[in-house]
Amino acid sequence: MPELPEIETVRRDLEKSVLGARIVRVKADDPLIMPPSEARRMKRALKGQTIDDLDRCGKVLVISVSGGWSVLQRFGMTGQMYPQPGDEPLPPCTRLVWELEDGRRIVYRDARRFGETRLVKTAELQRALGEDCRLGHDALLSDLSAEEFAALLADHAVPIKNFLLDQTHLAGIGNIYASEILHRCRIHPETPANALLPRQAREVLRVTRTVLAEAVAAQGTTISDYRTGENLSGGYQKFLRVYGREGGKCQRRGCGGEVVRIVQAGRSTFFCAKCQK
DNA sequence: AGCGATGTTGGCGG
DNA sequence: TCCGCCAACATCGC
Ligand SMILES: [Zn+2]
């Protein structure tokens, strides 16, 4: 379920564990994750290079190596990525393996195979992220102003929940955090984006950054499959206020409303029917 | 056993 | 062009 906080957690973990490591061989044999021709190119491009930088844009992990190439890793619904000792057997659903000179192997696991791996020239990273991946402003790190955000909202009549999931506007918010953000803002998820008041626009942007930062601090949310870059569970699931809590009571002080579930754009949305207007 | 749910994202059609 | 729906896939729970 990797959304921005989960990918950022993996990025930080890998930065600590494998930055500077030399790659001796890469295995990539799943055509759904990466087409065979591109996989062959990636194996050639990574062999013998060192891992020089770990970055992230939205939900995309960016691994740059010496020699001018970068790997874009999307995690889909069930992606995991972490290094393990060389004598440990590869876990089920391993789709990629990066063999390191020190004997460790970085594995990318992905049961459902909604993930995707791409190889791009480091010099073309920004173009690839913007034009190919069509990623908008990073939801955590961009310096987008409240006025600029309000202008984006004003251009779109879709429900605010759908707007938040659209990676071409803000990149990084997924289904869990969209519900959490709107609950904290007391905004009904079906409110048209262009109906938000200026103060609500400001609030959504501010709360987005707050919630994502809190989730990063807790190492992300593990509902079922997500693991950190150290193959550990995240901790933010303990702090979710509405996601997955259908039928529960709203914990907002003095509210006591019921958390309900609706479906928007084919995805579950959870919100408090009493305090979110 | 079968059905419906699941963190994402694209393509398709109205 | 905008926007809602559905499939891609595998697993798990009712
Ligand atoms: Zn409430």
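Chain letters run A, B, ... following the sequence lines, proteins first and then strands; every chain starts at 1.
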**OP:** Specify the separation, in whole Å, of atom CD1 of A:I223 and atom C1' of B:dT8.
**Re:** 15 Å
Original post:
Distance only, no hydrogens: is a donor on one side chain within 3.5 Å (strictly under) of an acceptor on the other, for A:Y226 and A:S233?
Top reply: no
**OP:** Look at the side-chain N and O atoms of A:S268 and state whether any lies under 4.0 Å from the OP1 or OP2 oxygen of B:dT6.
**Re:** yes
**OP:** Classify the nucleic acid contact of A:L32 as base, sugar-phosphate or nothing, counting any heavy atom under 4.0 Å across all strands shown.
**Re:** sugar-phosphate
**OP:** Mind checking A:Q264 for me? I need base, sugar-phosphate or nothing, with any heavy atom below 4.0 Å counting as a touch.
**Re:** nothing
Subject >> Interatomic distance where CZ belongs to A:R267 and C1' belongs to B:dT9 [whole Å] >> reply: 9 Å
**OP:** For A:F114 and C:dC6, give me the distance from atom CZ to atom P, rounded to whole Å.
**Re:** 15 Å
Subject >> Under-4.0 Å side-chain N/O to phosphate OP1/OP2 contact, A:R113 with C:dA10 >> reply: yes
Subject >> Atom pair distance, as rounded to whole Å: CZ in A:R109 and C1' in C:dA10 >> reply: 12 Å
Original post:
Looking just at side-chain N and O atoms, do A:T78 and A:D110 make a donor-acceptor pair shorter than 3.5 Å?
Top reply: yes
**OP:** Quick one: the dot-bracket string of DNA chain C, using Watson-Crick and G-U wobble pairs with both distances under 3.5 Å, [ ] for crossing pairs and | for bases paired to another strand.
**Re:** .|||||||.|||||
**OP:** Taking only Lys NZ, Arg NE, NH1 and NH2, and the carboxylate oxygens of Asp or Glu, determine whether A:E38 and A:R41 approach each other closer than 4.0 Å.
**Re:** no
Original post:
Rounding to a whole Å, what distance do you find between A:Y243:OH and B:dT8:C1'?
Top reply: 12 Å
Subject >> Which residue lies more 5' along DNA chain B, comparing A:R261 with A:A265 via nearest heavy atoms >> reply: A:R261
Original post:
Side-chain N or O of A:R74 less than 4.0 angstrom from OP1 or OP2 on B:dG10?
Top reply: yes
Subject >> Cationic N near anionic O, under 4.0 Å, A:R184 to A:E180 >> reply: no
Original post:
Within the structure shown, what part of the strands sits under 4.0 Å from A:G174 by heavy-atom distance: base, sugar-phosphate, or nothing?
Top reply: sugar-phosphate
Original post:
Would you say the side-chain atoms of A:Q237 pair up with the backbone N or O of A:T222, donor to acceptor, closer than 3.5 Å?
Top reply: yes
Subject >> Side-chain heavy-atom pair A:Y177, A:E6 within 4.5 angstrom cut-off >> reply: yes
Original post:
A:A111 side chain: which of C:dT11, C:dC3, B:dT8 is closest?
Top reply: C:dT11
Original post:
Is it true that A:D132 and A:R118 make a salt bridge, defined as a side-chain N closer than 4.0 Å to a carboxylate O?
Top reply: yes
Original post:
So, is A:H156 near the phosphate of C:dC3, with a side-chain N or O under 4.0 Å from OP1 or OP2?
Top reply: yes
Subject >> Between B:dG10 and C:dT11 - P atom distance, rounded Å >> reply: 24 Å
Subject >> Value in whole Å for how far the P atom of B:dG11 lies from CD of A:E116 >> reply: 10 Å
Original post:
When you check the side-chain N and O atoms of A:Q264 and A:T269, is any donor under 3.5 Å from an acceptor?
Top reply: yes
Original post:
How many Å lie between CE on A:M77 and C1' on B:dT9, as a whole number?
Top reply: 10 Å
Original post:
With a non-hydrogen cut-off below 4.0 angstrom, is A:P159 in contact with a base, only sugar-phosphate, or nothing?
Top reply: sugar-phosphate
**OP:** Rounded to whole angstrom, note down the P distance from B:dG4 over to C:dC6.
**Re:** 13 Å
**OP:** Give a yes/no on whether any side-chain N or O of A:R95 is located under 4.0 angstrom from OP1 or OP2 of C:dC9.
**Re:** no
Subject >> Short side-chain N/O contact to C:dG4 OP1/OP2 from A:N162, under 4.0 Å >> reply: yes
Subject >> Rounded distance (Å) that lies between atom P of C:dG4 and atom NZ of A:K161 >> reply: 12 Å
Subject >> Separation between the P atoms of C:dC5 and B:dA5, rounded to whole Å >> reply: 14 Å
Original post:
Between A:R112 and B:dT8, is there a side-chain N or O to OP1/OP2 distance below 4.0 Å?
Top reply: no
**OP:** Give the nucleotide from the list C:dC3, C:dC9, C:dT11 with an atom nearest to the side chain of A:V158.
**Re:** C:dC3
Subject >> Salt bridge flag under 4.0 Å for residues A:R105 and A:E88 >> reply: no
